[in-house]
Amino acid sequence: NIIGPSIEYKKSNLMNIDQLNDQEIILEKAKIGTILYINQKINNHLEDKIWLETKKTVLELPNIKEDFYIDNLLSIIFYYYKHKNYTMLDNYLDKLPYIPRYEKTIKVIEILIERKFYDKAFHEIKNHGYKKIDLIKLLQLCEYIIKQKAEDIDIKEEPILLYISYYCFTKGKYNQDTLKYLSDYFQGTCQQIYEIWDVAKEFSVDTKAIEERFLGQILFTESWQLNSYPIYKSNIKSNPITKISKAFITYQAYLYLVKEIRIDSRYFKHMEKLVAFEKNDFSCLALLKYYSTLEILEEDQVKLIYRFTMNYIKDGIILPFFKKFKEVISIPYDFIYKTFVEIKTDTHSRVTISYQFMEEGKNKEPLEYITEEIQEVFPGIFVKGFQIFFGERVEYFVTITNPDGTKNSTKEMTLELEEGIKMNEDGFYNHLNYMKKALSKRDNSTFIDSYEKFLYTDYMVSKEFKPLID
């Protein structure tokens with residue numbers, strides 16, 4: 001008091017919350033301000049009957065803000081959840097219009113799932129996310145949506161359901177319903193799809209849809225999956241000859257033949273079945289390449305080699321590994337004694353080779369390179385053959401012009417006469433090489449032996465083959 005002397009005074013509450021009884025709260029219902037005052041003061045009060053009745057009374061007040069209403073409603077929900085009064089809990093959960101974003105949001109969603117308010121929980125997950133929710137409850141929610149709502153909505157249009165189902169799967173939580181749903185609709189990487197398929201098979205889930213999606217995705221993306229064979233084998237059990245199964249086995253042949261990628265060896269049996277009833281060049285050539293790596297060939301494999309190899313050579317499809325069949329079938333000498341440069345690249349590319357012949361003891365000065373275009377003998381495979389004699393070498397480099405016009409050149413490389421020519425092999429080429437080799441080593445005995453064989457072969461040819469005269 002700035003005018004007169006100070007007057008003594010003391011502060012006291014308008015009302016003592018601890019002394020309120022139920023009747024006083026009921027009587028005060030008509031007084032909105034009083035109820036709001038009590039509610040404000042009672043927030044730190046012990047959660048007893050008075051606290052509860054006050055909260056309930058607030059919910060009945062007219063024209064209060066929605067966030068204020070929800071705040072008090074959530075307090076009541078947690079009260080009944082704590083005291084396990086599920087009848088009242090369900091009653092107030094039903095009144096909850098939405099869940100605000102606050103520290104207990106996830107817990108409220110878990111309570112909704114626990115009390116089977118699945119639709120509300122699913123709606124709230126769309127707003128607040130799911131990665132912090134208990135996995136068992138998430139799986140429970142997915143199972144309900146998949147089983148109960150499939151008739152009411154198109155679950156394919158619920159991406160959040162796929163996300164949740166797959167998230168649970170990655171955490172090791174799944175059942176037959178979620179696995180079937182993922183098998184039918186999940187879109188992901190080939191590895192993700194394979195992992196789902198692998199588990200789904202253990203649960204005896206129908207996996208036809210995910211198998212076709214897996215095979216189609218590999219074909220569309222031109223990717224490679226080492227463990228693809230089990231899915232392919234499962235897919236062809238019901239119908240072994242489908243467009244997608246034939247396309248897939250052809251693609252495996254392409255990977256092995258052109259891309260030089262290691263594939264599951266069990267695919268070759270299916271290639272054999274395919275070429276038995278239709279001509280499939282990729283599968284035929286992949287099989288031939290595979291057979292060229294085997295030490296022991298079966299009778300059917302030799303028949304297939306004989307059936308296809310000569311036809312491909314006649315058609316100008318000459319691949320270097322054909323030379324490995326010279327012990328099995330008769331192959332033209334002009335092919336056997338060539339050394340090949342093989343380039344595998346995009347089928348729309350242009351491939352040229354620049355080369356020069358060098359001979360031992362000669363050509364000390366660099367010669368001008370000869371540049372030629374290498375022919376594409378098969379889609380993606382470009383082959384150039386050289387007849388090289390002993391003491392000669394070919395120095396070369398290859399230039400690839402890509403479809404976009406860019407160019408890539410290899411480093412300079414060298415071709416020399418292949419090792420392993422047998423002395424008892426007949427043919428001018430062999431004898432000439434051994435004569436040159438013997439001269440370089442001053443080996444008169446070998447030179448004479450080779451020269452005699454050369455003359456004998458020349459004589460026999462002249463006797464057996466006469467020129468045609470009109």
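Just so you know, residue 1 is the first one in the sequence shown, and it goes up from there. Just the heavy atoms: all of them, side chains too, but no hydrogens, waters or symmetry mates, feed the values below.
- Not a single donor-acceptor pair under 3.5 Å links the side chain of Thr406 to the backbone N or O of Asn402.
- By the 6.0 Å contact criterion, NZ on Lys137 is enclosed, its count of non-hydrogen atoms from other residues, nucleotides or ligands being greater than 12.
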List the steps, then state whether ring-ring contact (aromatic ring centres under 6.0 Å, His included) holds for Phe268 with Tyr291. CA-CA 10 Å; Phe268 295 114; Tyr291 294 162; 8.0 Å; no
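- Ring-centre distance between His123 and Tyr98: not below the 6.0 Å cut-off.
- Residue Pro320 comes nearest to Glu342 through the heavy atom pair CD-OE2, 3.6 Å, listed as atom of the first residue, atom of the second, then distance.
- If you check the side chains of Gln140 and Tyr118, you find a donor sitting under 3.5 Å from an acceptor.
- The side chain to side chain donor-acceptor pair (under 3.5 Å) test applied to Ser245 returns Thr242, not counting sequence neighbours.
- Cation-pi contact between Lys95 and Tyr92: present, with separation from the ring centre below 6.0 Å and deviation from the ring axis of at most 45°.
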For a ring-ring contact (aromatic ring centres under 6.0 Å, His included) check, start with the C-alpha distance between Phe186 and Phe169, then their side-chain angles and the critical distance, and finish with the verdict. CA-CA 12 Å; Phe186 180 78; Phe169 175 82; 8.3 Å; no
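- Heavy-atom contacts from other residues, nucleotides or ligands closer than 6.0 Å to CD of Glu202 number more than 12.
- Note that CD1 of Ile146 and CG of Leu179 are 9.0 Å apart. Values are rounded to the nearest 0.5 Å.
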Residues Tyr355, Glu372; criterion side-chain hydrogen bond (donor to acceptor under 3.5 Å, both in side chains); working and verdict: CA-CA 9 Å; Tyr355 65 93; Glu372 296 177 1; 2.8 Å; yes
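- Of the possible donor and acceptor atoms, one in the side chain of Arg213 sits under 3.5 Å from a partner among the backbone N and O of Asp184.
- Within the structure, side chain to side chain donor-acceptor pair (under 3.5 Å) contacts touching residues 311-322 (residues at least two apart or in different chains) are Asp281-Tyr312.
- Annotation for Val205 and Gln176: closest pair CG2-CG, 3.8 Å, computed over non-hydrogen atoms.
- Between the Glu212 side chain and the Ala209 main chain, no donor and acceptor come within less than 3.5 Å of each other.
- Atom CZ of Phe277 sits in a crowded spot, with more than 12 heavy atoms from other residues, nucleotides or ligands closer than 6.0 Å.
- Taking the six-membered ring for Trp and the full ring otherwise, the centers of Phe397 and Tyr369 sit less than 6.0 Å from each other.
- Checked against the 6.0 Å centroid criterion, the rings of Phe378 and Phe282 qualify as a close aromatic pair.
- Salt-bridge annotation for Asp264 and Arg266: present, with a side-chain N of the basic residue lying under 4.0 Å from a carboxylate O of the acidic one.
- Across all their heavy atoms, Leu274 and Ile249 have their closest contact at CD2-CG2, 3.4 Å.
- We find the CZ-OH distance between Phe248 and Tyr229 to be 11.0 Å, quoted to the nearest 0.5 Å.
- Taking CD1 of Ile305 as the reference point, atom CG of Asp300 lies at 11.0 Å (rounded to 0.5 Å).
- A distance of 7.0 Å separates CD1 in Ile381 from CG in Leu285, rounded to the nearest 0.5 Å.
- Distance check: Ser228 OG to Tyr251 OH gives 9.5 Å after rounding to the nearest 0.5 Å.
- By the neighbour-count criterion of 12 heavy atoms within 6.0 Å, atom OH of Tyr69 is densely surrounded, having more than that number from other residues, nucleotides or ligands.
- Put simply, the side chain of Thr105 gets close to the backbone of Tyr102: a donor and an acceptor are under 3.5 Å apart.
- In this structure, Asp90 CG and Tyr81 OH are separated by 12.0 Å, a value rounded to the nearest 0.5 Å.
- Annotation for Lys201: atom NZ counts as buried by contact number, over 12 foreign heavy atoms lying within 6.0 Å.
- Ion pairing between a basic and an acidic side chain is recognised when a charged N comes within 4.0 Å of a carboxylate O; Glu124 and Lys120 show no such pairing.
- When side chains are defined from C-beta on, Ile125 counts as touching Leu138, because their heavy atoms get closer than 4.5 Å.
- A side-chain N or O of Thr371 and one of Ser354 form a donor-acceptor pair less than 3.5 Å apart.
- Here Tyr185 and Tyr181 bring their ring centres to under 6.0 angstrom of each other.
- There is a side-chain donor-acceptor pair under 3.5 Å between Ser234 and Glu211.
- Annotation: cation-pi geometry satisfied between Lys289 and Tyr256 (NZ/CZ under 6.0 angstrom from ring centroid, within 45° of ring axis).
- At least one cation-pi condition fails for Lys269 and Tyr267: the charged atom is not both under 6.0 angstrom from the six-membered ring centre and inside a 45 degree cone around its axis.
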Go through the steps for Lys246 and Glu278 under the test salt bridge (charged side-chain N to carboxylate O under 4.0 Å, His left out), then give the verdict. CA-CA 11 Å; Lys246 289 197 294 185; Glu278 71 174 48; 3.4 Å; yes
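- Checking Thr221 against Gln217 by side-chain atom types alone, no donor-acceptor pair falls below 3.5 Å.
- Taking the six-membered ring where the residue is Trp, the centroids of Phe203 and Tyr174 are separated by under 6.0 Å.
- A donor atom on one side chain and an acceptor atom on the other are not found under 3.5 Å apart for Thr399 and Asn408.
- Across all non-hydrogen atoms, the minimal contact from Glu143 to Asn175 is OE1-ND2, 3.5 Å.
- Under the 4.5 Å side-chain criterion, counting only non-hydrogen atoms from C-beta, Val383 is not in contact with Val341.
- In this structure, a donor-acceptor pair under 3.5 Å is present between the side chains of Gln225 and Gln191.
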